[in-house]
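A quick write-up on the structure given underneath.
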Amino acid sequence: MNGPFYDFGWIGEEASLAFALFIGVAFGFFLERAGLGSAKKLSAQFYLKDMTVFKMMFTAIITAMIGVFWLNWFGMLHADMIYLTPTYVWPQVIGGLVFGVGFIVGGYCPGTSCVASATGSLDGMMNVVGLLLGILVFGEIYPWIEGFYTAGSMGQITFPKYFGLPSGLMVFILVLTALAGFWASEWIESKNAIK
Amino acid sequence: MKEQINNPKPYWNPYICGIGLGLVLLATFLVMGRGIGASGAMTSVVATGVQTVSKSHAEANTFYMGYLGDGTVHPLKDWLVFEVLGVLIGGFISGRLAGRNKIKIEKGPLITNNRRFLFAFVGGIIMAFGTKLARGCTSGQALTGGAMMNVGSWLFMIALFAGAYAMAGFVKRLWI
């Protein structure tokens with residue numbers, strides 16, 4: 001039995017939705033456990049007072065990355081069957097900058113605004129309302145910005161493919177980069193921690 | 001809930017939580033052949049709302065149609081919508097167990113509640129544009145695509161941090 005189970009028909013439509021609910025519960029649980037349902041903790045990342053966002057995000061990324069690599073290596077998961085969002089350079093770079101601005105102004109990202117709302121933050125609920133309205137406005141003006149939305153198309157492309165490196169080496173480089181980032185985060189926190 | 005409010009338990013170690021979240025993401029890859037998300041579910045809700053108000057208006061727009069499907073399945077009977085319902089439940093459970101669930105407003109000491117609401121609202125609108133332009137948010141792009149070594153996801157992630165750090169100095173009064 002190898003993955004992705006859903007693509008091979010090992011689990012059906014209804015079971016996949018039950019699994020979605022289960023995955024969501026675990027996702028929300030870990031976000032709240034780490035304190036990422038708190039706008040003060042999230043925003044402190046960008047004043048270098050608390051590096052939890054960086055530490056948790058990159059630990060999750062390298063954990064899943066290493067897992068995909070080894071499961072693929074042992075033939076238990078066809079990594080090339082996992083959906084990849086296509087790369088569109090300009091909307092993704094500009095989108096990222098705009099997103100970052102919205103993040104520090106609003107205090108949450110979409111997932112954490114849900115966690116904040118679930119734990120009773122009224123500002124988190126306002127953020128969700130803003131998100132829904134913003135998506136509506138985006139949808140309404142979409143016909144006029146479609147050209148930019150599809151600018152810089154590179155298709156489905158990963159770093160190993162782009163740089164022509166073996167996946168294992170690329171995973172190793174990114175893990176080392178993350179570890180250097182964790183070391184730097186600990187150092188920054190020890191200098192700037194909220195007293 | 002009442003007895004714990006004044007003394008919430010400390011947060012867990014971020015590396016432990018990160019490993020937990022990474023395993024959740026890995027399980028999603030293995031079982032579903034896709035990653036996790038958040039903003040996509042919100043878009044399904046908006047697209048469904050638009051379709052309810054005006055079917056023809058929604059169907060003339062390729063952006064909404066991407067979330068409405070071919071009409072054989074209700075657009076809210078969607079993997080991400082169920083996942084985000086789970087996020088609400090999981091966040092509530094964790095907050096409840098730690099004694100952190102209470103009505104509150106998170107902000108810096110220098111601004112009023114109304115200003116905080118205004119900025120939370122405006123920040124949400126700005127972020128919606130970013131996430132829709134980029135085809136995903138911190139969950140669907142940064143975490144999922146980050147773990148898949150997706151080029152566009154890493155561009156988004158680097159730009160996200162750059163944008164937030166560049167803006168942070170201008171809105172310091174909101175938080176500190």
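Sequence lines set the chain letters: A, B, ... in the order given, protein chains first and strands last, and positions in each chain run from 1. For the numbers below, each heavy atom of this structure counts, side chains included, while hydrogens, waters and symmetry mates do not.
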In one Ile/Leu/Val/Met/Phe/Trp/Tyr side-chain cluster, 4.5 Å: B:V87, B:F82: no
Pair A:R33, B:S94: side-chain N/O donor-acceptor within cut-off below 3.5 Å: yes
A:F159, part contacting chain B, at a heavy-atom distance under 4.5 Å: both
Cluster check A:I94, A:I141: I/L/V/M/F/W/Y, side chain < 4.5 angstrom: yes
Structural part of B:D78 lying under 4.5 Å from a heavy atom of chain A: backbone
Residue among A:S43, A:G111, A:G67 with most heavy-atom pairs under 4.5 Å to chain B: A:S43
Engaged part of A:E146 at the chain B interface, taking heavy atoms whose separation is under 4.5 Å: side chain
Parallel, tilted or perpendicular: ring planes of A:F58 versus B:F161, cut at 30 and 60 degrees: tilted
B:K107 versus chain A, the contacting section by heavy-atom distance below 4.5 Å: backbone
Which atoms of B:I176 approach chain A - backbone, side chain, both or neither, heavy atom under 4.5 Å: side chain
Residue A:F138 versus chain B: region with a heavy atom under 4.5 Å: both
Same apolar cluster: B:M42 and B:V53, side chain cutoff 4.5 Å: no
Chain A interface, residue from B:I93, B:T62, B:I89 that has the most non-hydrogen pairs under 4.5 Å: B:T62
Partner chain B: residue of A:G124, A:S117, A:C114, A:P143 with the largest heavy-atom pair count (under 4.5 Å): A:C114
Segment of A:L17 engaging chain B (4.5 angstrom heavy-atom cut-off): both
B:I105, part contacting chain A, at a heavy-atom distance under 4.5 Å: both
Flag if over 12 foreign heavy atoms under 6.0 Å of CZ, A:F172: no
Distance-only donor-acceptor check, side chains B:D70 and B:T72, under 3.5 Å: yes
Cluster overlap B:L133 with A:L132, hydrophobic side-chain contacts below 4.5 Å: yes
Proximal component of B:V50, with respect to chain A [non-hydrogen, under 4.5 Å]: side chain
Among B:V122, B:V73, B:L174, B:L143, residue most engaged with chain A (heavy-atom pairs, under 4.5 Å): B:L143
Mutual orientation of the aromatic rings belonging to A:F19 and A:F22 [parallel < 30°, tilted 30-60°, perpendicular > 60°]: tilted
Most chain A-contacting option - heavy-atom pairs closer than 4.5 Å, from B:M167, B:K172, B:M157, B:M127: B:M127
Region of A:S113 in contact with chain B, defined by heavy-atom distances below 4.5 Å: side chain
Greatest number of heavy atom pairs closer than 4.5 Å to chain A - which of B:G140, B:G169, B:S153, B:A134: B:A134
Pairs of heavy atoms under 4.5 Å with chain A: top-ranked of B:A142, B:G123, B:G49, B:P10: B:G123
Toward chain A, the part of B:N61 with a non-hydrogen atom under 4.5 Å: side chain
Winner by heavy-atom pair count (cut-off under 4.5 Å) against chain B, out of A:I23, A:D7, A:T52: A:I23
Toward chain A, the part of B:Y15 with a non-hydrogen atom under 4.5 Å: both
Ionic contact status for A:K55 with A:E189, cut-off 4.0 Å: yes
Per-residue contact mode, A:Q156 against chain B (heavy atom under 4.5 angstrom): neither
Top contributor to chain A interface from B:K132, B:H57, B:R34 [non-hydrogen pairs under 4.5 Å]: B:K132
Chain B interface, residue from A:V128, A:L174, A:V115 that has the most non-hydrogen pairs under 4.5 Å: A:L174
Proximal component of A:S153, with respect to chain B [non-hydrogen, under 4.5 Å]: neither
B:Y67 side chain reached by B:V46 side chain, heavy atoms, under 4.5 Å: no
Pair B:E106-A:S38, side-chain donor/acceptor within less than 3.5 Å: yes
Atom OH of A:Y83: over 12 foreign heavy atoms under 6.0 Å: yes
Contacting moiety of B:V171, where chain A heavy atoms sit under 4.5 Å: both
Under 4.5 Å from a heavy atom of chain B, the part of A:M81 involved: backbone
Note, A:T63 side chain near B:L26 side chain (heavy atom, < 4.5 Å): no
Residue selection (most heavy-atom pairs with chain B, distance under 4.5 Å) from A:S16, A:A20, A:G35, A:P86: A:A20
Residue, of A:F8, A:Y142, A:Y149, that accumulates the most heavy atom pairs under 4.5 Å with chain B: A:Y149
Engaged part of B:L23 at the chain A interface, taking heavy atoms whose separation is under 4.5 Å: both
Lys/Arg N to Asp/Glu carboxylate O, A:E14 vs B:K77, below 4.0 Å: yes
Single-linkage hydrophobic cluster A:V171~A:L77, side-chain heavy atoms < 4.5 angstrom: yes
